[in-house]
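Let me begin by presenting the structure, written as structure tokens, before commenting on it.
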Amino acid sequence: MKKIRGFTLIELIVTMSVAAVLMTVAVPGFFNLVQNNQVTAQTNSLISSLNLARSEAVKRGVPVLVTAAEGGFSRGWCVHLPGECNEDNAIRVSYGFDRLEAHAGFAVLGFDERGARVLPSEALAATIMLHPAACAADTQRAREITVAVTGQIRVERKGC
């Protein structure tokens, strides 16, 4: 006669309890990792576009603009020659990410043929703050992109 093997009810309950505890610890950490990666990807994409605009302005010898999409930089942006962003003068069009917010006091950033920032002209440094939509104030998940008058771009981690 064969003995039937399997798990007892107690073994299953203990295994499920251990799995529940592990998931309780792992899921919030994974969520934070995902948020950090989203902000980093959006920041890198925006910096890449700003660097492209600056280098194209120098290469072409004409001003190049970075214009926020309707709704701000969190919805996307367009690197283009002066005028409207359309297929005739667009250099690159980028789309924003979900669940991220961008705050800037301007909608257009421009570089001249020397690579210097010309728009917005009233500020010493143009700043764009990117952060997750649901971001606790005590976390360092926000990124602040600063473009100096000289065109130099700097990124700094900030609290939300």
Side-chain angles (χ1 to χ4, degrees), residues 21-160:
V21 168
L22 290 175
M23 291 298 287
T24 303
V25 171
V27 168
F30 183 71
F31 179 72
N32 294 340
L33 178 70
V34 168
Q35 274 190 338
N36 278 331
N37 286 343
Q38 284 178 332
V39 173
T40 300
Q42 178 82 346
T43 302
N44 290 341
S45 180
L46 184 51
I47 289 171
S48 172
S49 292
L50 293 173
N51 283 325
L52 173 68
R54 187 176 184 208
S55 66
E56 286 292 317
V58 171
K59 181 175 91 175
R60 295 175 188 229
V62 296
V64 175
L65 307 172
V66 180
T67 303
E70 191 171 324
F73 283 99
S74 57
R75 299 281 182 228
W77 55 87
C78 178
V79 177
H80 62 95
L81 299 172
E84 293 295 317
C85 179
N86 55 39
E87 59 187 52
D88 292 332
N89 65 356
I91 298 169
R92 178 188 291 172
V93 177
S94 297
Y95 301 98
F97 294 117
D98 293 333
R99 297 179 298 277
L100 289 178
E101 295 179 10
H103 302 283
F106 53 88
V108 179
L109 194 84
F111 297 94
D112 67 12
E113 62 279 353
R114 295 172 293 133
R117 191 196 84 228
V118 292
L119 291 173
S121 59
E122 65 277 356
L124 290 177
T127 303
I128 304 170
M129 179 74 83
L130 298 165
H131 63 85
C135 187
D138 61 341
T139 62
Q140 293 286 310
R141 289 196 196 111
R143 303 294 187 280
E144 183 180 73
I145 301 170
T146 305
V147 183
V149 175
T150 60
Q152 180 184 15
I153 301 167
R154 189 182 79 231
V155 180
E156 189 177 348
R157 245 180 188 200
K158 295 276 188 168
C160 294

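For Glu156 (side chain) and Thr146 (main-chain N/O), no donor-acceptor pair under 3.5 Å exists by modelled atom type. Not one N or O on the side chain of Asn36 forms a donor-acceptor pair closer than 3.5 Å with the backbone of Arg141. A donor-acceptor distance shorter than 3.5 angstrom exists from the side chain of Asn86 to the backbone of Asn89, with no hydrogens or angles considered.
Applying the ring-ring contact (aromatic ring centres under 6.0 Å, His included) rule to pairs touching residues 113-152 yields His103-His131, sequence neighbours excluded.
Around atom CD of Gln140, more than 12 heavy atoms belonging to other residues, nucleotides or ligands sit under 6.0 Å away.
Atom CZ of Arg143 sits about 9.0 Å away from atom SG of Cys160, to the nearest 0.5 Å. Here the CG-CG distance, from Leu130 to Leu46, works out to 6.0 Å after rounding to the nearest 0.5 Å. Between atom CE of residue Met129 and atom OG1 of residue Thr43 there is a gap of 10.5 Å, rounded to the nearest 0.5 Å.
Proximity of Val66 to Cys78: side-chain heavy atoms (C-beta onward) are nowhere separated by under 4.5 Å. Contact check for Phe31 versus Pro132: no side-chain heavy atoms found under the 4.5 Å cut-off. Contact check for Leu81 versus Leu65: no side-chain heavy atoms found under the 4.5 Å cut-off.
Closest approach of Ala102 and Ile128 over heavy atoms only: CB-CG2, 4.4 Å. Residues Arg92 and Ser48 approach most closely at NH1-OG, 3.0 Å, considering heavy atoms. Heavy-atom minimum distance, Gln38 versus Arg99: NE2-NH2, 3.5 Å.
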Please evaluate residues Ile47 and Ile145 with respect to the criterion side-chain contact (heavy atoms from CB on, under 4.5 Å), reporting the C-alpha separation (whole Å), side-chain torsions for both, the decisive distance (0.1 Å), and the verdict. CA-CA 8 Å; Ile47 289 171; Ile145 301 170; 4.1 Å; yes
Let's go through Cys135 and Glu101 carefully: what are the C-alpha distance in whole Å and the side-chain angles of both, what is the deciding distance for side-chain contact (heavy atoms from CB on, under 4.5 Å) to 0.1 Å, and is it a yes or a no? CA-CA 10 Å; Cys135 187; Glu101 295 179 10; over 6 Å; no
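With sequence neighbours left out, Glu56 forms a salt bridge (Lys or Arg N to Asp or Glu O under 4.0 Å) with Lys59, Arg60.
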Could you pull out every donor-acceptor pair under 3.5 Å between side chains of residues 106-117 and any protein atom, sequence neighbours left out?
from   : atom 1 : to     : atom 2 : distance (Å)
Asp112 : OD1    : Arg114 : N      : 2.9
Asp112 : OD1    : Gly115 : N      : 3.2
Asp112 : OD1    : Ala116 : N      : 3.0
Asp112 : OD2    : Arg114 : NH2    : 2.8
Arg117 : NE     : Pro120 : O      : 3.4
Arg117 : NH1    : Leu124 : O      : 3.4
Arg117 : NH1    : Val147 : O      : 2.7
Arg117 : NH2    : Pro120 : O      : 2.9
Arg117 : NH2    : Ala123 : O      : 2.5

